[in-house]
K.L.:
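The structure's right below; bear with me while I get my questions together.
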Amino acid sequence: MAMNALKPNAIPDEDDDNALLHAALFKQVPPDQSRELLSHLRRRTCLKGECIFREGDTDQRMYLLERGRVKLIRQSSDNRVQLLSIHAHGDVLGEIPVFDPSGGPRTASAVAMSNATQVVWLEHDVLFAWLNEHPRVAIDMLQVLANRMRANNERISDLVFMDVPGRLAKTLINLGERFGRPVEEGILVPHDLTQEEMAQLVGSSRETVNKALMDFASRGWIAREGRSIIIYQPGMLIRRARR
């Protein structure tokens with residue numbers, strides 16, 4: 001199916017600030033080729049706590065995060081929740097069913113972490129029609145997906161081989177790199193997570209993670225300020241994560 005045979009979804013062509021042009025999955029794509037998809041994007045604005053898609057859904061849409069933050073979570077049969085990851089501007093969401101030949105159900109739920117979270121999405125048929133016209137782009141996408149697989153494998157290894165303080169130190173460094181900003185005291189990381197969510201992200205209980213946070217604070221490595229953390233000594237966290 002050629003791209004010009006597809007009916008566009010009437011979103012105006014925007015400038016280089018468009019999420020598609022900054023998404024990791026399209027980073028190596030020439031701008032003129034990625035802009036071919038802009039008229040086929042559909043947009044949605046979500047309130048805090050609203051689901052963008054749910055675990056078990058069978059749609060094949062790929063989402064791009066334009067504004068706000070989104071968390072991916074899984075829920076067990078006894079209603080326990082695991083926070084898998086946090087995503088921000090330019091991140092791709094829900095790509096697994098798009099590239100899975102059998103479609104398959106979604107493996108996680110995507111939940112908006114703030115009001116006015118904005119996503120756009122592409123339908124499976126639109127994306128694959130575009131890839132048929134630009135097959136070289138698929139190689140660039142495979143490289144990005146391979147990096148994601150590498151990160152997932154590293155996370156699994158951390159859960160098996162690393163203790164909770166080590167995983168917490170690594171999580172704080174990661175949050176600092178992605179969301180932190182320099183302040184006079186160090187690096188301010190506004191993570192916007194509850195204590196329970198922080199524990200889910202680390203992969204442990206709230207009590208164990210709080211104990212490790214208090215230990216880091218007593219050592220002078222960090223300070224806790226509500227749902228933000230100031231990292232005073234990132235080097236010590238890096239060293240703890242590598243122990």
Side-chain angles (χ1 to χ4, degrees), residues 1-47 50-74 84-114 116-152:
M1 184 188 301
M3 284 294 295
N4 57 16
L6 297 170
K7 184 177 179 180
N9 285 303
I11 284 185
D13 191 343
E14 298 186 358
D15 59 22
D16 286 349
D17 193 43
N18 192 283
L20 181 68
L21 304 180
H22 292 275
L25 205 58
F26 296 88
K27 184 177 292 186
Q28 305 301 324
V29 180
D32 59 322
Q33 294 181 13
S34 58
R35 284 193 179 93
E36 294 177 14
L37 292 174
L38 295 185
S39 62
H40 297 274
L41 296 175
R42 299 178 67 182
R43 180 174 287 114
R44 175 181 172 187
T45 301
C46 303
L47 299 174
E50 188 174 350
C51 275
I52 298 164
F53 55 79
R54 296 181 184 276
E55 183 178 353
D57 285 352
T58 56
D59 68 283
Q60 288 186 284
R61 295 171 178 168
M62 186 175 72
Y63 291 81
L64 307 166
L65 183 51
E66 276 194 317
R67 183 170 58 232
R69 294 187 192 176
V70 169
K71 60 183 179 181
L72 291 184
I73 62 172
R74 294 198 68 169
L84 301 175
S85 55
I86 298 173
H87 298 270
H89 171 75
D91 283 352
V92 176
L93 304 169
E95 72 278 7
I96 293 177
V98 177
F99 293 100
D100 183 349
S102 62
R106 292 199 176 275
T107 57
S109 299
V111 181
M113 296 180 66
S114 58
T117 291
Q118 193 163 280
V119 295
V120 296
W121 75 82
L122 286 166
E123 297 287 352
H124 170 278
D125 291 347
V126 171
L127 180 61
F128 273 72
W130 179 73
L131 288 175
N132 283 335
E133 293 195 2
H134 305 290
R136 176 64 179 80
V137 173
I139 298 177
D140 298 323
M141 289 187 169
L142 284 173
Q143 293 173 345
V144 174
L145 294 175
N147 286 334
R148 286 204 171 189
M149 289 180 63
R150 185 188 302 274
N152 287 337

K.L.:
Apply side chain to side chain contact (heavy atoms under 4.5 Å, CB included) to L142 and list each qualifying residue two or more places apart in sequence or on a separate chain.
P.N.:
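Counting only residues at least two positions away or on another chain, L142 forms no side chain to side chain contact (heavy atoms under 4.5 Å, CB included).
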K.L.:
Which residues pass the side chain to side chain donor-acceptor pair (under 3.5 Å) test with Q60, sequence neighbours left out?
P.N.:
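Checked Q60 against side chain to side chain donor-acceptor pair (under 3.5 Å); zero matches.
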K.L.:
If every non-hydrogen atom of F128 is compared with every non-hydrogen atom of V98, which pair is closest and at what distance?
P.N.:
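Shortest heavy-atom separation between F128 and V98 comes out as CE1-O, 3.5 Å.
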K.L.:
Decide yes or no for E66 and R43: does some side-chain heavy atom of the first lie under 4.5 Å from some side-chain heavy atom of the second?
P.N.:
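When only atoms from C-beta onward are counted, R43 and E66 do touch, with a gap below 4.5 Å.
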K.L.:
Can you list the residues that meet the salt bridge (Lys or Arg N to Asp or Glu O under 4.0 Å) rule with R54, with sequence neighbours excluded?
P.N.:
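Counting only residues at least two positions away or on another chain, R54 forms no salt bridge (Lys or Arg N to Asp or Glu O under 4.0 Å).
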K.L.:
What closest approach, in Å, do H87 and S85 show between heavy atoms, and which atom pair accounts for it?
P.N.:
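Closest approach of H87 to S85: NE2-OG, 2.8 Å.
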K.L.:
Got a second to check how far N152's CG is from N147's CG, nearest 0.5 Å?
P.N.:
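Here the interatomic distance stands at 11.0 Å.
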K.L.:
As an exercise, state the distance from CG of D125 to CZ of R61, rounded to the nearest 0.5 Å.
P.N.:
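Answer rounded to 0.5 Å: 12.0 Å.
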K.L.:
How would you list all residue pairs meeting salt bridge (Lys or Arg N to Asp or Glu O under 4.0 Å) that involve residues 90-99, not counting sequence neighbours?
P.N.:
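Those involving residues 90-99 are D91-R178, E95-R148.
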K.L.:
Kindly write out the residues that satisfy side chain to side chain contact (heavy atoms under 4.5 Å, CB included) with I73, not counting sequence neighbours, or none if the list is empty.
P.N.:
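With sequence neighbours excluded, I73 shows a side chain to side chain contact (heavy atoms under 4.5 Å, CB included) to K71, V81, L83, S109, V111, given in chain and number order.
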K.L.:
Given side-chain contact (heavy atoms from CB on, under 4.5 Å), test E133 with Q33 step by step and report yes or no.
P.N.:
CA-CA 10 Å; E133 293 195 2; Q33 294 181 13; over 6 Å; no
K.L.:
Is any side-chain heavy atom of F99 closer than 4.5 Å to one of L145?
P.N.:
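L145 reaches F99 side chain to side chain.
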K.L.:
Using side chain to side chain donor-acceptor pair (under 3.5 Å) as the criterion, list what pairs up with D57, not counting sequence neighbours.
P.N.:
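Not a single residue meets the side chain to side chain donor-acceptor pair (under 3.5 Å) criterion with D57.
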K.L.:
What distance separates R67 CZ from H89 NE2, expressed to the nearest 0.5 Å?
P.N.:
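Interatomic distance, R67 CZ to H89 NE2, rounded to 0.5 Å: 10.5 Å.
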K.L.:
Could you tell me whether a side-chain N or O of W130 sits under 3.5 Å from a main-chain N or O of S34, the two making a donor and an acceptor?
P.N.:
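Looks like no, no N/O pair under 3.5 Å.
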K.L.:
Which atoms form the tightest heavy-atom contact between C46 and A112, and what is the distance?
P.N.:
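Taking C46 first and A112 second, the nearest heavy atoms are CB-CB, 4.0 Å.
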K.L.:
To the nearest 0.5 Å, what is the distance between CE (M113) and CD1 (I86)?
P.N.:
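CD1 of I86 is found 4.5 Å from CE of M113.
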K.L.:
Using side chain to side chain contact (heavy atoms under 4.5 Å, CB included) as the criterion, list what pairs up with P105, not counting sequence neighbours.
P.N.:
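For P105, no residue satisfies side chain to side chain contact (heavy atoms under 4.5 Å, CB included) once neighbours in sequence are set aside.
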K.L.:
Within the distance-only criterion (no hydrogens, no angle test), does the side chain of H40 pair as donor or acceptor with the backbone N or O of V126 below 3.5 angstrom?
P.N.:
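No; zero donor-acceptor contacts below 3.5 Å.
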K.L.:
Over all heavy atoms of both residues, which pair between L127 and M62 is shortest? Give the atoms and the distance, please.
P.N.:
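Residues L127 and M62, closest heavy atoms: CD2-CE, 3.9 Å.
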K.L.:
List for me each residue that meets side chain to side chain donor-acceptor pair (under 3.5 Å) alongside R44, sequence neighbours excluded, and say none if there are none.
P.N.:
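Once residues adjacent in sequence are excluded, the partners of R44 under the side chain to side chain donor-acceptor pair (under 3.5 Å) criterion are E50.
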K.L.:
Of all residues at least two apart in sequence or in a different chain, which pass the side chain to side chain contact (heavy atoms under 4.5 Å, CB included) check with A110?
P.N.:
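By the side chain to side chain contact (heavy atoms under 4.5 Å, CB included) rule, A110 matches I52, F53, V70, L72.
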K.L.:
I'd like to check the side chain to side chain donor-acceptor pair (under 3.5 Å) partners of T45; sequence neighbours left out, ordered by chain and number.
P.N.:
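T45: side chain to side chain donor-acceptor pair (under 3.5 Å) contacts with Q118.
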K.L.:
What salt bridge (Lys or Arg N to Asp or Glu O under 4.0 Å) pairs are there with at least one residue in residues 104-113, not counting sequence neighbours?
P.N.:
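Residue pairs with at least one partner in residues 104-113: D59-R106.
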K.L.:
Please answer whether the main-chain N or O of T107 pairs with a side-chain N or O of R74 as donor and acceptor at a distance below 3.5 Å.
P.N.:
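Yes.
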K.L.:
How long is the gap from CG on L41 to CG on L122, to the nearest 0.5 Å?
P.N.:
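Reported value, rounded in 0.5 Å steps: 5.0 Å.
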